[in-house]
Amino acid sequence: MTVSIASSPRPFLHPRPGSALHCGKVSLDALARRFGTPLYVYSADQIVERLSLFQQALKGREPLVCYAVKANSALAILKLLADRGAGFDIVSGGELERVLAAAPQAVERVVFSGVGKTAAEIDLALKSGILQFNVESEAELALLAERATKLKKHARFALRVNPDVFADTHPYISTGLREHKFGIDIRHGLRIYKSVAGHRRLEAYGVSVHIGSQIRSAEPFGAAIARVSKLVGQLRSEGIALQAIDAGGGLGIDYHGGAFDAAAKVREYALALESGLGGFEGRLLVEPGRFLVAQAGALVARVLQVKRNGKKTFVITDAAMNDLIRPALYQAHHDIVPVTPRAGRPRLVDVVGPVCETGDFFAHDRKLRPVEPGDLVALLDAGAYGMAQSSNYNSRPRAAEVLVEGTRARLIRRRETMADLLGPERV
Ligand code: LLP
C-alpha cells in the first residue's frame with residue numbers, strides 16, 4: 001500500500017496493521033538501527049508540499065514565503081526550501097550564516113527580524129545584501145541608518161508594528177499585544193516612517209507584523225493585516241509608497257492528530273490575509289515556521305526501562321528534555337506512539353527522560369499501548385522547535401537527524417560526540 005503524504009497531516013504511518021511505523025516509505029525501526037537513538041526523522045516530501053501550499057494559496061500576490069529558520073535550522077532543510085523558491089526569516093547573525101552556508105543565492109530573499117540586533121549582525125546582513133530589515137524600535141532604525149551610512153550600503157527596512165491584536169495561544173509565544181516586547185506601537189508608525197523619508201541609505205520598503213505562534217484561527221491574522229493596511233494607506237497619502245507587507249508567521253497545527261486538512265487551513269489563512277489587505281497591490285511576504293516543518297518531523301527514542309512507583313508507571317526513554325523541551329516549557333502536547341505495536345490494552349503512563357529534573361517529561365498520564373525495554377517510540381509533530389531548541393543539558397550529546405526523501409533516507413546531522421562537547425573547554 002502506498003501512503004499518500006498529501007492525504008495525511010503526518011507522514012508517519014503504519015503501512016500495514018502490526019508493521020513498524022514508517023516515514024513515507026522508510027521504516028523507523030530500520031532508521032533507528034542504522035543511525036541510533038534519539039533520532040530526529042523528517043519527511044522532505046511533506047516540507048516541500050507545505051511550502052507549495054503557501055505559494056499556491058497566495059499566488060495572486062507575488063508572494064515570498066520566508067521560512068522562519070528558528071523553527072528548524074538544519075542546513076539540508078534550508079537548502080530544500082531555498083531550491084523551491086523560499087526566502088528566509090532570520091533572527092540572528094548565526095541564522096544568516098546558516099542561510100549563507102546552505103543556499104547563498106537565497107540571501108536576497110532574507111528578512112531579518114528580532115528585537116536586539118547588534119551592529120555586527122546588521123553589518124553582516126548589509127554586506128550580504130538581504131532583502132529587508134524588520135526594525136523593531138526607533139533606536140534600531142537609527143543604528144541601521146548609522147551602519148548603512150558607514151558601510152555605504154542600501155538598507156531596505158520594514159517597521160515591525162505591533163497591531164494590538166489578541167491571538168489565542170500560549171502566553172510565552174503570543175507577541176501582538178502592546179504589553180509585549182515586540183514591534184513598535186502601530187500608532188507611531190506614520191511618524192517614524194516620515195522621520196526617515198528621503199534618507200540616503202534607508203529605503204522604506206515595507207511594513208511587517210507578527211502576532212504570535214501556534215495560532216489556530218485565521219481571524220486574528222486578518223485583523224492584524226487590516227490594521228497594517230490602514231497604515232500603508234495613510235503612508236501612501238503622505239507620499240510614502242511601501243512595496244511589501246510582511247504578515248509574519250504563526251499559523252498553528254493540530255498536535256492532537258485530529259482531522260487536519262493542511263491545504264484547507266492555508267487557504268483559510270490566505271483568505272483572511274486577503275480580506276485584511278484591502279486594495280494593497282504590492283508584494284506579500286509571510287514567515288511560516290511551524291506549519292512547514294512540525295508535522296514532518298518525529299523524535300524516535302528507545303525505551304530504556306518501564307518502572308513502577310506506587311500507582312504510577314514511568315516509561316523512561318533515551319530521549320529527554322534536552323532533545324525536546326516543548327512539553328516542559330509550554331506544557332505542549334506531543335502524541336507518542338510505539339513504533340512497532342504490541343498486543344494488549346493501552347495503559348496510563350508517564351513518558352519521561354533520564355535528565356535529573358521532574359520537569360523532564362514528555363507526557364503525564366498518557367494512554368500508551370504496551371511497551372517493553374528496547375522498544376522504540378516516536379514523539380510526533382516534533383519537526384519544529386524540537387532540535388532547534390535542544391541543548392547539551394546533563395552533558396548529553398545532541399541527537400542525529402535524518403531526512404527522508406521518497407525511498408531514500410540520509411543523515412543530515414551526525415550524532416554529537418563527547419569530543420564535540422568538550423572541544424571548546426579548557427581545564
Ligand atoms: N516570524 C517571527 C518574527 C517570529 O517571531 C516567529 C516565531 C515566526 C515568524 C514563526 O512562527 P511560526 O510560524 O513557527 O509559528 N518555541 C515555540 C515557538 C516560538 C515562536 C517564536 N517566533 C514553540 O515551540 O512553540
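Start at 1 and go down the list; that is how both ligands and their atoms are numbered.
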Non-hydrogen side-chain atoms of [X] and [Y] separated by less than 4.5 Å:
X: Arg227; Y: Val165; result: yes
X: Val371; Y: Leu368; result: yes
X: Phe260; Y: Lys265; result: yes

Ring centres under 6.0 angstrom apart ([X], [Y]):
X: His334; Y: Tyr255; value: yes
X: His256; Y: His333; value: yes
X: Tyr269; Y: Phe221; value: yes

In the protein, which heavy atom is nearest to [atom], and how far is it?
atom: atom 19 (C) of ligand 1; answer: Ile173 CG2, 3.6 Å
atom: atom 14 (O) of ligand 1; answer: Tyr385 OH, 2.6 Å
atom: atom 4 (C) of ligand 1; answer: Lys70 NZ, 3.1 Å
atom: atom 17 (C) of ligand 1; answer: Tyr330 OH, 3.1 Å

Show the atoms of ligand 1 that are less than 4.0 angstrom away from any heavy atom in [X].
X: Arg160; value: 3 (C)
X: Asp89; value: 1 (N), 2 (C), 9 (C)
X: Ala68; value: 8 (C), 9 (C), 10 (C)
X: Pro288; value: 13 (O)
X: Ser213; value: 11 (O), 12 (P), 14 (O), 15 (O), 18 (C), 20 (C)
X: Gly289; value: 12 (P), 13 (O), 14 (O)
X: Gly249; value: 9 (C), 13 (O)

- Option set Gln214, Gln389, His210, criterion heavy-atom distance to atom 8 (C) of ligand 1, minimum: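 Considering heavy atoms of Gln214, Gln389, His210, the nearest to atom 8 (C) of ligand 1 sits in His210.
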- Shortest heavy-atom approach to atom 2 (C) of ligand 1 - which of Glu136, Glu287, Arg326: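 Going through Glu136, Glu287, Arg326 one by one, Glu287 has the nearest heavy atom to atom 2 (C) of ligand 1.
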- Message: Checking the N or O distance criterion of under 3.5 Å, is ligand 1 in contact with Gly250?
- Response: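 Between Gly250 and ligand 1, an N or O pair is found under 3.5 Å apart.
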- Query: If you measure every N/O of Ser113 against every N/O of ligand 1, is any gap under 3.5 Å?
  - Reply: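 No, no N or O pair falls under 3.5 Å.
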- Task: Would you indicate whether Arg200, at its atom CZ, is surrounded by more than 12 heavy atoms from other residues, nucleotides or ligands within a distance under 6.0 Å?
- Result: no
- Is a side-chain donor or acceptor of Arg415 paired with a backbone partner of Leu39 at a separation under 3.5 angstrom? no
- Which heavy-atom pair separates Phe361 from Pro327 by the least distance, and what is that distance? O-CB, 3.4 Å
- Residue-ligand contact Ala71/ligand 1, heavy atom below 4.0 Å: no
- Message: Can you confirm if the NZ or CZ of Arg290 lies within 45° of the ring axis of Tyr385 and under 6.0 Å from the centre of its six-membered ring?
- Response: no
